[in-house]
Amino acid sequence: MARAVADNVSGPFFVNERCIDCGTCWTFDPEHYGAAAETAFVHRQPSGAEAQCQALLALQACPVAAIETSPELLRQTPADGFPALITTAGDAEIFYCGWASRKSFGARSWLVKRPAGNVLIDVPRWSAPLARRLQSMGGVSAMVLTHRDDVADHQRWAQALGCPRWIHQADGDAAPEAEHQLNGCDAETIAPGLQLIPTPGHTAGSLCAVLGEARCVLFSGDHLWWNAEQQVLVCSKQYCWWNFEEQIRSLKKLQDLDVAWLLPGHGHRHRFAPGQWQQAVQQTLAWVQR
């Protein structure tokens, strides 16, 4: 058993020293997990069956087994907890897949379940139980890889689900087997109501997926995310691996969208009221350019 980090409150759940500070636990279950300087930690022990279930699912989602609890509690982990429903958008249901991968530094994967065909946005680590759940929910008709960092176990998922993959050509060497590659900077509609927008910057081939038009859902990969503490959009220079000036230009391309939900690969998700998205983008642009 690895040593527990110092900030954990006393109780059966604790974060150990294997933590890579990816944010998987505290973005999924902020009621019980929090972010310290360099690791996550348990700031409140779960009380009651529902809270315990949530804490156990965060444990299961952790990409590096950095959360521990008693064997008795582990046996109560829900077998079908993931994918976990996050929201609805029109005729679509959107789920968080859990089972984060260390290969993607714990980045989130999203399932869009809809009559026009289910879509997987980025991929979790391989999980046979999760694969069976996805098949029981109608399978997957397309897989979108938002950028080179978050391709994880895409080959195994593509083989198991029998679905074509989309990635931008500039990041194509990260998934050379992908059946479809976007080129250039023009948006492309790959299925009814689903558009891919190239947003180079974080990597040369970063892209965002947009579901719907009015009150759309934006799957932003690592292009940007929500900072819940400061209540701002983050377009990070610290975590930009290619060209931050290009990343800011890419952010400008998104400011006229009517975003209802931002669902990133890292950082907090966020729901926007009408008009708030444009205000948030303008605030971030003003801060960066200042």
Side-chain angles (χ1 to χ4, degrees), residues 1-84 86 95-110 122-131 133 149-154 156-157 221-222 225-230 234 236 238-239 241 263-269:
M1 182 180 292
R3 186 174 65 251
V5 299
D7 294 309
N8 293 303
V9 298
S10 179
F13 286 84
F14 64 93
V15 175
N16 66 38
E17 62 186 353
R18 286 192 292 265
C19 179
I20 58 173
D21 197 26
C22 68
T24 294
C25 61
W26 49 260
T27 53
F28 176 70
D29 182 15
E31 291 298 314
H32 304 113
Y33 301 95
E38 297 181 346
T39 67
F41 69 104
V42 176
H43 69 81
R44 179 184 298 138
Q45 294 290 334
S47 176
E50 185 176 349
Q52 180 179 291
C53 173
Q54 193 79 349
L56 285 167
L57 288 177
L59 180 155
Q60 185 182 76
C62 176
V64 293
I67 303 173
E68 298 185 52
T69 191
S70 69
E72 292 75 21
L73 285 173
L74 274 179
R75 286 193 287 270
Q76 299 177 41
T77 304
D80 57 355
F82 290 119
I86 298 300
F95 297 80
Y96 167 50
C97 292
W99 294 93
S101 173
R102 183 167 194 156
K103 298 175 185 176
S104 300
F105 201 75
R108 282 185 291 276
S109 172
W110 307 99
D122 290 323
V123 291
R125 71 181 183 269
W126 170 251
S127 162
L130 180 61
R133 283 280 293 156
D149 299 344
D150 294 351
V151 300
D153 296 321
H154 72 96
R156 198 162 184 185
W157 283 107
D222 288 357
W225 58 88
W226 184 252
N227 183 312
E229 290 72 32
Q230 299 181 17
V234 176
S236 174
Q238 180 181 358
Y239 297 109
W241 313 139
L263 299 179
H266 290 284
H268 287 284
R269 63 182 183 266

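Listed here is the closest heavy atom pair of Tyr33 and Val15: CD2-CG2, 4.2 Å. Across all non-hydrogen atoms, the minimal contact from Asp21 to Ala37 is OD2-O, 4.2 Å. In plain terms, the two heavy atoms of Leu263 and Arg269 that are nearest each other are CD2-CB, 3.6 Å. Residue Arg18 comes nearest to Ala66 through the heavy atom pair C-CB, 4.0 Å, listed as atom of the first residue, atom of the second, then distance. Taking both residues in full, the closest heavy atoms of His266 and Phe105 are given as CE1-O, 2.9 Å, listed atom of the first, atom of the second, then distance. Of all heavy-atom pairs between Ser236 and Tyr239, the closest is OG-N, 3.1 Å.
Checked by atom type and distance alone, the side chain of Asn227 pairs as donor or acceptor with a backbone atom of Gln230 at under 3.5 Å. In this structure, the side chain of Arg44 engages the main chain of Glu31 through a donor-acceptor pair within 3.5 Å. For Thr24 (side chain) and Ala61 (main-chain N/O), no donor-acceptor pair under 3.5 Å exists by modelled atom type. The closest donor-acceptor contact from the side chain of Ser104 to the backbone of Gly106 lies at 3.5 Å or more, if one exists at all. Under the 3.5 Å distance criterion, the side-chain polar atoms of Thr77 are left unmatched by any main-chain donor or acceptor of Leu56. Although no hydrogens or angles enter the test, the distance criterion places a donor-acceptor pair under 3.5 Å between the side chain of Arg125 and the main chain of Ala100. Within the 3.5 Å criterion, the main-chain N or O of Pro124 finds a donor-acceptor partner in the side chain of Trp157. A donor-acceptor pair is defined here as one N or O able to donate and one able to accept, closer than 3.5 Å; such a pair exists between the side chain of Gln45 and the backbone of Val9.
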request  = Show your working on side chain to side chain donor-acceptor pair (under 3.5 Å) between Thr27 and Arg108 and close with a plain yes or no.
outcome  = CA-CA 10 Å; Thr27 53; Arg108 282 185 291 276; 2.8 Å; yes

inquiry  = With side chain to side chain donor-acceptor pair (under 3.5 Å) as the criterion, how do Trp241 and Asp149 come out once you've worked through the C-alpha distance, each side chain's angles and the decisive distance to 0.1 Å?
reply    = CA-CA 10 Å; Trp241 313 139; Asp149 299 344; 3.1 Å; yes

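Here the side chains of Pro63 and Ile20 are in contact, with some heavy-atom distance below 4.5 Å. In this structure, the side chains of Asp222 and Asp150 come closer than 4.5 Å at one or more pairs of heavy atoms. Using a 4.5 Å heavy-atom cutoff, the side chains of Phe13 and Pro46 are in contact.
Here the options are Ile67, Asp29, Asn8, the test is side chain to side chain contact (heavy atoms under 4.5 Å, CB included), and the partner is Val42; only Asn8 passes.
Arg102 CZ to Cys22 SG: the interatomic distance, rounded to the nearest 0.5 Å, is 10.0 Å. For the atom pair CG of Leu73 and SG of Cys53, the computed distance is 12.0 Å after rounding to the nearest 0.5 Å. Taking CG of Leu59 as the start and CZ of Phe14 as the end, the distance is 9.5 Å to the nearest 0.5 Å. Atom CG of Leu74 and atom OG of Ser70 lie 6.5 Å apart (nearest 0.5 Å). Note that NE2 of His154 is 11.0 Å distant from OG of Ser101, once rounded to the nearest 0.5 Å.
Counting non-hydrogen atoms of other residues, nucleotides and ligands closer than 6.0 Å to CD of Glu72 gives a total above 12.
You'll find the ring centres of His268 and Trp26 inside the 6.0 Å limit.
Phe82 and Phe28 have tilted rings, their planes meeting at an angle from 30° to 60° on a 0 to 90° scale.
A donor and an acceptor atom, one from each side chain of Asn16 and Glu68, are located under 3.5 Å apart. When only modelled atom types and interatomic distance are considered, Gln52 and Gln76 share a side-chain donor-acceptor pair under 3.5 Å.
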